[in-house]
K.L.:
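For reference, the structure I am asking about is given below.
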There are 2 protein chains.
Amino acid sequence: MNKRAKVTKAQIIEAALNVAAEKGAGKVTLDEVAKVSGFSKGGLLYHFPSKEALISAMVQQLVDDTEAGRQQLLAQGDNALTAMIKAHARLSEQVQGNTAMAILAAAAEQPGLLSPVQQACQVLVQDINAESGDNPEAVLLMLACDALWFQDMLSISPFTAQQKEQLLQYMQRRAKELMP
Amino acid sequence: MNKRAKVTKAQIIEAALNVAAEKGAGKVTLDEVAKVSGFSKGGLLYHFPSKEALISAMVQQLVDDTEAGRQQLLAQGDNALTAMIKAHARLSEQVQGNTAMAILAAAAEQPGLLSPVQQACQVLVQDINAESGDNPEAVLLMLACDALWFQDMLSISPFTAQQKEQLLQYMQRRAKELMP
DNA sequence: AATAATAAACCGTCTGGTTGGTACAGTAAA
DNA sequence: TTTACTGTACCAACCAGACGGTTTATTATT
């Protein structure tokens, strides 16, 4: 059934994300994902005809989740910058640490699987540029936010949780100033 | 001999970086590095007792190179922020694109190999905070610069080369303003 | 409603290939 | 003679994917 298949696919992706988060990006193997998800390897390959397809789906889901969260914040009245900052902060907390690192590292094996991420970035830049009147300060804020996220992703953040919190608050204040 | 060994090690690391840049992070195998470097697999393992040791050396070299470039700029009279921005820009051009992505992705397989990177980041933040009088704007600029580098690394930059150039120029102007 | 037919979802094993690493005998240089 | 390798042969583990078979759900037929 269509619905059942969707649920199964989601479960497999979730399992893959867990494997990546817990064992590291290099350990995302079909066998391991099968074991964790509870489905068989054959079942995996029925839904995702190749490992690449699975990783691609993982990336897509991350992008979709982030974008959905951002849209929700926009609908609540936040400006593009603020929404982005909040969405990223939320994502950083979501699964403590390295879920996304895993995806990116896995995707790095097959360059090109990150193109959905790039597209999402482009949309973001356009939104922010449009709303800020091409103010480079706004783009800088966006980039700084990205960097915090990248650092968390790779567990190389030079900041304490407290410092990061202060930074994010400062950024949100700044975001309100910049957006008319 | 010590000198000869050093040269050989450097050649092996360079070969490994090339493999990573050309074939992707996941394809950095001992056999491939041996083939590209011109040394035998036995030779590799003589100098780097494990793959982990090799990757660790790759990361360390990247960090050292970047830090050396930054120190050079500092010695020439640039302030900490400007030096950092220039050093990153240089690094982005250096090997067109994905050398560093490869290192990071490879390192992601063995979490913890990135700790030299984290340490380097901490030093950077301290330098910039000290020199700017803990101005959060300076940290923001640094983060934005980081983000540009991360984006290049993963080939997900939403900017054209021209746009990035303009951004970097804007950032350098801003850096001069912020630094007394 | 019972049954048969068909398709979708899923299982578990097998295979061919790759990988990191070992062992070791031998060669060349310093 | 020690250091720096070469080259080969080898191994155990791992891995992606193929494959044939089995169960479950849906549809068609009687």
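Every heavy atom of this structure was used, including side-chain atoms; hydrogens, water molecules and symmetry mates were not. Quick note on labels: first sequence line is chain A, next is B, and so on, each numbered from 1.
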K.L.:
Under 4.5 Å between any side-chain heavy atoms of B:K51 and B:Q110, yes or no?
P.N.:
no
K.L.:
Which residues satisfy the salt bridge (charged side-chain N to carboxylate O under 4.0 Å, His left out) test with A:D64, sequence neighbours excluded?
P.N.:
none
K.L.:
Output one line per pair: protein atom, nucleotide atom from nucleotides 15-20 of chain D, and distance, for all N/O pairs under 3.5 Å.
P.N.:
residue	atom	partner	partner atom	Å
D:dA16	OP1	A:K51	NZ	2.7
D:dA16	OP2	A:L30	N	3.0
D:dA16	N7	A:K41	NZ	2.6
D:dG17	OP2	A:K51	N	2.9
D:dG17	N7	A:K41	NZ	3.3
D:dG17	O6	A:K41	NZ	2.9

K.L.:
C:dA8 P sits how many Å from A:K6 NZ, rounded?
P.N.:
16 Å
K.L.:
Rounded to the nearest Å, what distance is computed from the NZ atom of residue B:K9 to the P atom of nucleotide D:dA4?
P.N.:
10 Å
K.L.:
Which pairs pass side chain to side chain donor-acceptor pair (under 3.5 Å) with one or both residues in residues 68-82 of chain B, sequence neighbours excluded?
P.N.:
B:E67-B:R70, B:E67-B:Q71, B:R70-B:D127, B:D78-B:K86, B:N79-B:T82
K.L.:
Report yes if a side-chain nitrogen or oxygen of A:H47 is closer than 4.0 Å to either non-bridging phosphate oxygen (OP1 or OP2) of C:dC10; otherwise report no.
P.N.:
yes
K.L.:
Give the rounded distance in Å between these two atoms: OH of A:Y46 and P of C:dA7.
P.N.:
12 Å
K.L.:
Using whole Å, what does the distance between atom C1' of nucleotide C:dG20 and atom CD of B:E32 come to?
P.N.:
15 Å
K.L.:
Quick check: does any side chain N or O of A:E32 sit under 3.5 Å from a backbone N or O of A:K27, one acting as donor and the other as acceptor?
P.N.:
no
K.L.:
Between P on C:dA8 and CZ on A:F48, what's the gap in Å once rounded to a whole number?
P.N.:
18 Å
K.L.:
Whole Å only: how far is the CZ atom of A:R4 from the P atom of C:dA9?
P.N.:
8 Å
K.L.:
Answer yes or no: does a side-chain N or O of B:T8 lie under 4.0 Å from OP1 or OP2 of D:dC5?
P.N.:
yes
K.L.:
Does any N or O in the side chain of B:Q151 come within less than 3.5 Å of the main-chain N or O of B:I156, such that one atom is a donor and the other an acceptor?
P.N.:
no
K.L.:
Kindly indicate whether the side chain of A:Q60, heavy atoms from C-beta on, has any atom under 4.5 Å from the side chain of A:P116.
P.N.:
yes
K.L.:
Describe the nucleic acid contact of A:F39 in one word from base, sugar-phosphate, nothing, applying a heavy-atom distance below 4.0 Å.
P.N.:
sugar-phosphate
